[in-house]
Structures are given as structure tokens and as C-alpha cells.
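Numbers here simply count residues along the sequence, with the first being 1. Counting starts at 1 for both ligands and their atoms, in listed order.
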Amino acid sequence: MLKRYILGLATLVMFFLMTPIASADKPHYTITTDATYAPFTFQDKNNRYVGIEQDMMKAIAEREGFTYTMKPMSFNSAAQLVSNGQADGIIAGMSITPERRQVYDFSTPYYKTGVAWIVKKGSKIKSLADLKGQTVALKTGTAASEYGLSLQKKYGFQVKYFNDTDTMYNDVAVGNSAATFEDMPVIQYAIKNGMALKVMNPDQPGNAGSYGFAVEKGKNKALLAAFNRGFAAIKKDGTYDKIVAKYLGARQATFSGTKSDNSTVLGILRTNKTALLNGLWQTIVLTVIAIIFASIWGILLGIMGVSQFSWVRGIATTIIYIFRGLPLMVLAFFIYIGLPGLTGVKIPAFTAGIITLILNEGAYTGAFVRGGFEAVNRGQMEAARSLGLSYSQAMRRVIMPQGLRIMVPSFINQFIITLKDTSILSAIGLLELTQTGSLIVARNSQGFRVWAIIGVMYLILITLLTWFSRWVEKRMTVK
Ligand code: ASN
């Protein structure tokens, strides 16, 4: 009965882990983008990704007859996925620079840019020299951050890093950082939409250049050619100009435009209902699959850990040592970004996230399961064996039932930790609850309210999970 249940579950999970494969007739690509880079890519009030780049890509794909899956995430991850061959192309306000040309092939330039240096509105800072000893906010992996860094020695400021532009702006707006560097069109759009910041070099952008669509160097030639052809066509027939005018002409509700909806917790809940529910669902799915498989894997490791054979015990100890020792985020990056670079096999973020959780939580589970079995009196094993039971019979009938029972509180604890650990997977772009929160804050700058909502949602989930575990525990002990 149990076997059939597990088998059914495993099939379901396999189904979940498979990547959707595109229809055979049209080429299908995976394109990454910067999730919070208005006016080029950002979420609108209905949590749909919009912006100049999103409209461009749609128009180009239609003309050129290809389909694509758009993956919004931090710029740094978006760029790495393409340079590693995990994704086919990137359209993310990406400046064409000589260093990047060594790693990527770029399309025809599609938008002019240059770096601005930015302070809070009303700030006392008047020149770069005033930044001495101050902190400057930079965004990881960007051309603007490189530019900022090139001035660091001369002007003697400290730097701190952020993964997205809006959090970085906020840090300056609330006065934590004295200044920041970001691309001119991006900051100008934010200021136009109510960000209380000021550009100090509006007429002299640093490192003037252009944005380009990029693919990994030497790869995806057909996609790049299609982009260039499509771009030339939408430029020629006026579609491109219309797209740009659509976003730059009208005031967009990205930063302050949705004030009334964001002034109360209820308003935020209502505006972001779909996004929050999707994030919640993703967190639940990750947690449930990870809990089930990490428990199975952990119990297996625990049994191996008390094996009669020292080499089996050795294997268990080594596995537990490695995966308990690695920080979860390092493991996630290794599996998602590191491994595919080596093997050339793409791993979807969801699968990478699940594998990360199973390995990490499974190691912790393995450690306490092993401890639990060891705690069941050794004498009991001897007694069972002297009654004529084989080692595995003694294990299954005598040691395991008692051991598992004392482990129940540890299991519940581990389940809660697993749920909380799913939030770390936002780093590889999974749109779970935490990442959803980041994106909402990026849009409405309501850090306090949004993070309070997300916090309460986690607490509710944890309470439900604890109740459920206690219920199972009771049923186990009644038997
Ligand atoms: N403009 C940045 C760069 O070129 C990319 C970004 O932040 N989306 O590095």
C-alpha cells in the first residue's frame, strides 16, 4: 500500500520536474531578463511583465516565427544563465561592452545609454569628491557598477551591493547609502515616476554606449540573426518607435502611481493577490516535495549510518558531512549554475531547487535519524538477534519503529526548517513567496507593509505545517 503510494507520488514529481518542451514546428528559446528594470522590463499592476524590451521581443518573435519562455530574475543571474548555456538569450538593458563581447555575441544596438551618478533629492553631496568615506550602492554584475568601481580609489568611498535596481534606489532614498550609479534611461524613468533621487551628471553620462540583446558567444546564431532581422523590421515600420513612445510618453504606474492601492495592507493584498497566491503555491509545492523526498533520503542515510558494514557507514557519514557543511545557497548555485557549465545539461530552476533542498535537508535528517537509531538501546538489537531475527528483520521490526517514534519532534523541526529554507531559492530566480515579496516591493516601495504580509504568510504556513505534523504524530503513537 505504502509502496504504491510512494510510486504514485514519485511519478507525479517526475511529471513536475520535466521541463515543458516546445511544439516541434517553431523554434523555442529561453530568454532571461532583469525583472525590475523599468522602462525596459518591469511588472505592471496585474503582475504581468511589460516594458520596451518585452514588447520588442514579442513583436520580433511574431515576425520571425519563433516562440520563447521569458525568465525574469536579477540581472546577474540572467547574464550568468546565458553565459553558461542554461538559457538561449538575454534582453535586460545590457550594455554592450568590450569585456562582455568576449563572452557574448550582441545584436544590433537597440537603445542608447550611459552611466548616471545619483544622490537623494536634497542631499548635501555636490560632487564626487564629497563621497569620500561615504557608502555607495551598486548593483551586482552591471556595467554601471564597474563604472562606479573605477572611481572608487580616486574618490575614496565604500561600496555595498544589491541584486536589483529598486532596492538599490531605496537604499539611497532612505539615506543608508550616499549615492549610487545606474544607467541614465533607467534612473530618469524612475525619477519621472516619483523616485526622490537626483542625477548629478545629466549631460555627461559615463561610458556612453548602447544596449544589445545577447547570446552566448558562438552559440545560438539563428536566434541572434532572427533578432537582428526582426529588430530591423520593427524599426523600419515604426513599431519600435511606437513601443518606446508607449512607455516613455505616458506616465506609468510603477513607482508612485498606485499610491491609493498601496497605502494600506488590504490595498496591497488586493493589488497583488494573484502574485502572492502564485508565490505561496510555489513555496508550498517546493516544501511538500522537498519534505517527502528529503525524509525518504534522510531515513536511508540514517539506516546506512548504523549499518553493520563500516564502508556503508563511511558513505553515509561522508554524504552527511558534505551536504550539511555546504551553505544552502552555495549548493543551489552549484547545481543550477555550476553543474550545467560543466556537463552542458540544462537544469530548470525548479528542479535545481528541489535537488538542493533534498540534498541539504536530507543530510540533516540523515544525521538525526542515525542518532535516533543509535539511541535505541543497543541491547535491543542483541536481544532481537538472539531471538533469531536477522539483522534487517531486527532493524525493521524492533529498532526502526522505536527509533522513528523518538525522532518525530526532530522531523517536525526539520519540516519547518525546510519550509523556511525555500526562501533562499529566490536567489536562483524561483518565484516563490520571498521573491514575490521582493518584486512587489520593487514596484511599490512599501517595504514595511509587504514584508509584514510575507512574514505573516510564512507564519501561517508554519503553523499549519506544525498542526499537521502533530496530527500525524498522534496517529503514529496511538497505533
Ligand atoms: N544595465 C546593466 C548593465 O549593462 C544591466 C542591468 O542592470 N539590467 O550592466
- Task: Assess whether salt bridge (Lys or Arg N to Asp or Glu O under 4.0 Å) is satisfied between Asp171 and Lys160, documenting all intermediate values.
- Result: CA-CA 10 Å; Asp171 208 59; Lys160 75 174 167 194; 3.0 Å; yes

(message) With salt bridge (Lys or Arg N to Asp or Glu O under 4.0 Å) as the criterion, how do Lys124 and Asp130 come out once you've worked through the C-alpha distance, each side chain's angles and the decisive distance to 0.1 Å?
(response) CA-CA 9 Å; Lys124 288 205 185 73; Asp130 293 342; over 6 Å; no

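Ring-plane geometry between Tyr247 and Phe42 is classed as perpendicular, the angle between the planes exceeding 60 degrees on a 0 to 90 degree scale with a lower cut at 30. Using a 30° and 60° split on the angle between ring planes, Phe227 and Tyr110 fall in the tilted class, from 30° to 60°. A perpendicular orientation is assigned to the rings of Phe40 and Tyr211, their planes being inclined by more than 60° (bins at 30° and 60°).
By the criterion of a heavy-atom distance under 4.0 Å, the side chain of Arg100, and not its backbone, is placed next to ligand 1. Residue Thr142 touches ligand 1 through backbone and side chain together, judged by heavy-atom distances below 4.0 Å.
The shortest N or O to N or O distance between Ala144 and ligand 1 is not below 3.5 Å. Of the N or O atoms in Thr165, none lie within a sub-3.5 Å distance of an N or O in ligand 1. Residue-to-ligand polar distances keep Phe75 apart from ligand 1: every N/O pair is separated by 3.5 Å or more.
A salt bridge is absent between Asp166 and Lys139: the closest approach of a Lys/Arg side-chain nitrogen to an acidic carboxylate oxygen does not fall below 4.0 angstrom. Salt bridge annotation for Asp237-Arg63: present, with a cationic side-chain nitrogen under 4.0 angstrom from a carboxylate oxygen.
Summary of contacts: the protein heavy atom closest to atom 2 (C) of ligand 1 is Gly93 O, 3.3 Å. With hydrogens left out, the protein atom closest to atom 7 (O) of ligand 1 is Lys139 NZ, 2.8 Å, a heavy atom.
Comparing Ser95, Gly209, Ala35 by heavy-atom distance to atom 4 (O) of ligand 1, the nearest is Ser95.
For ligand 1, the atoms closer than 4.0 angstrom to any heavy atom of Met94 are 4 (O). Of all the atoms in ligand 1, the ones that sit under 4.0 Å from a non-hydrogen atom of Ala92 are 5 (C), 6 (C), 8 (N). Residue-ligand proximity, Asp34 to ligand 1, at heavy-atom distances under 4.0 Å covers atoms 6 (C), 7 (O), 8 (N).
Closest approach of Asn76 to Thr140, counting heavy atoms only: ND2-CG2, 3.6 Å.
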